[in-house]
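We count residues from 1, following the sequence as given. Every value quoted in this text rests on a predicted model; they were computed, and no experiment measured them.
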Amino acid sequence: MRIVLASNNRHKLREIRAMMPAGIELINQETLGIDPAEETGLTFVENALLKARHASRQSGLPAIADDSGLEVEALEGRPGIYSSRYAGPDATDGDNNRKLLTEMDLIDCRSARYQCVIVYLGHALDPAPIIAHGAWAGEIVREPQGQSGFGYDPLFLIPDIGKTAAQLTSDRKNQLSHRAKALNRFVVQFNA
């Protein structure tokens with residue numbers, strides 16, 4: 001079965017591909033010449049639905065979309081749905097990390113969580129999408145640690161392990177992460 005992934009993020013593509021059930025061919029929307037959807041929703045669910053409907057409409061294929069981000073307790077949930085563009089529309093991961101560290105400089109409460117919503121549509125007008133959610137609790141460190149992962153991973157400490165997400169192997173991250181939890185829940189619903 002061919003499914004279009006409503007993302008141009010190669011890191012997400014790699015993580016999602018690694019966890020998809022056998023028999024699913026996941027195709028990046030960029031490969032099909034599909035531009036990203038405009039993320040005008042106010043929640044992770046709304047944005048994931050917008051992205052999946054857009055990719056399915058443009059490709060004629062079933063679509064899966066992920067909308068995820070980091071919520072920091074002391075920043076009232078920011079950067080949240082704006083995580084990938086926190087430091088501006090063309091921000092790099094480094095830009096976003098620097099902005100977050102600057103905002104957190106004098107803050108002692110470092111609690112944060114990654115959120116992920118996975119949406120699957122059988123077709124663009126699917127009235128009953130599969131929606132799966134996963135969260136991953138952690139803390140924000142004071143300086144980047146680790147070279148793996150992407151996004152805020154060098155700043156996201158998993159207290160039980162004593163490592164940031166960027167210090168984990170891909171396999172270990174795919175066992176623990178917010179995306180892994182959401183994908184596991186998606187697979188259960190998809191196979192039901």
Side-chain angles (χ1 to χ4, degrees), residues 5-20 26 28-31 36 39 43-44 47-48 51 64-119 132-187:
L5 174 63
S7 176
N8 291 342
N9 185 318
R10 288 185 174 90
H11 299 289
K12 283 185 182 182
L13 176 64
R14 186 171 40 251
E15 285 185 6
I16 293 171
R17 251 192 197 144
M19 300 187 66
M20 291 302 285
L26 199 60
N28 189 330
Q29 71 180 4
E30 187 175 42
T31 305
E39 295 181 42
T43 67
F44 294 115
N47 281 333
K51 291 190 276 189
I64 190 167
D66 154 306
D67 199 53
S68 51
L70 179 72
E71 295 178 335
V72 178
E73 184 178 326
L75 300 179
E76 299 176 334
R78 289 189 320 270
I81 62 169
Y82 305 105
S83 291
S84 66
R85 54 195 186 276
Y86 195 43
D90 298 317
T92 65
D93 289 348
D95 297 335
N96 290 328
N97 285 328
R98 281 187 290 281
K99 178 174 179 171
L100 180 63
L101 287 177
T102 299
E103 289 189 345
M104 299 276 308
D105 188 40
L106 301 175
I107 297 174
D108 291 328
C109 175
R110 313 295 286 186
S111 297
R113 70 181 163 270
Y114 269 129
Q115 298 279 7
C116 177
V117 171
I118 300 287
V119 167
H133 172 258
W136 194 16
E139 298 173 3
I140 302 301
V141 295
R142 295 192 180 271
E143 58 185 50
Q145 299 172 25
Q147 302 299 319
S148 298
F150 63 100
Y152 298 92
D153 287 357
L155 303 181
F156 188 79
L157 177 75
I158 303 97
D160 295 346
I161 299 173
K163 293 181 178 182
T164 67
Q167 292 173 306
L168 301 177
T169 65
S170 295
D171 288 342
R172 186 70 174 135
K173 184 180 176 189
N174 285 345
Q175 294 170 344
L176 302 172
S177 78
H178 55 308
R179 189 165 292 110
K181 292 173 185 175
L183 281 166
N184 286 331
R185 290 176 180 135
F186 158 74
V187 169

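For the residue pair H178 and C116, the shortest heavy atom distance occurs at CD2-CB, 3.5 Å. Heavy atoms only, all atoms of each residue included: A165 and W136 are closest at CB-CH2, 3.8 Å.
The backbone N or O of E71 sits nowhere less than 3.5 Å from a side-chain atom of R113 that would complete a donor-acceptor pair. Of the possible polar contacts, one joining the N96 side chain to the Y86 backbone as a donor-acceptor pair under 3.5 Å is found. Listed for the N28 side chain is no donor-acceptor partner under 3.5 Å among the backbone atoms of T31. In this structure a side-chain-to-backbone donor-acceptor pair under 3.5 Å is present from Q167 to T164. With hydrogens and angles ignored, the 3.5 Å screen pairs no side-chain donor or acceptor of R14 with any backbone N or O of H11. Not a single donor-acceptor pair under 3.5 Å links the side chain of Y82 to the backbone N or O of A87.
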Can D171 and T169 be said to form a side-chain hydrogen bond (donor to acceptor under 3.5 Å, both in side chains), step by step? CA-CA 5 Å; D171 288 342; T169 65; 5.4 Å; no
Show, in sequence, the C-alpha distance, side-chain angles and deciding distance for T102 and D105, and conclude whether the side-chain hydrogen bond (donor to acceptor under 3.5 Å, both in side chains) test is met. CA-CA 5 Å; T102 299; D105 188 40; over 6 Å; no
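One finds a salt bridge joining D108 and R142 here, because a Lys/Arg side-chain nitrogen approaches an Asp/Glu carboxylate oxygen to under 4.0 Å. Using a 4.0 Å cut-off between charged nitrogen and carboxylate oxygen, E73 and R110 do not count as a salt-bridge pair.
Taking E39 as the reference, K51, R85 meet the salt bridge (Lys or Arg N to Asp or Glu O under 4.0 Å) condition, with sequence neighbours excluded.
Partner Y152 forms a side chain to side chain contact (heavy atoms under 4.5 Å, CB included) with one of L70, D93, I140 and no other, that one being L70.
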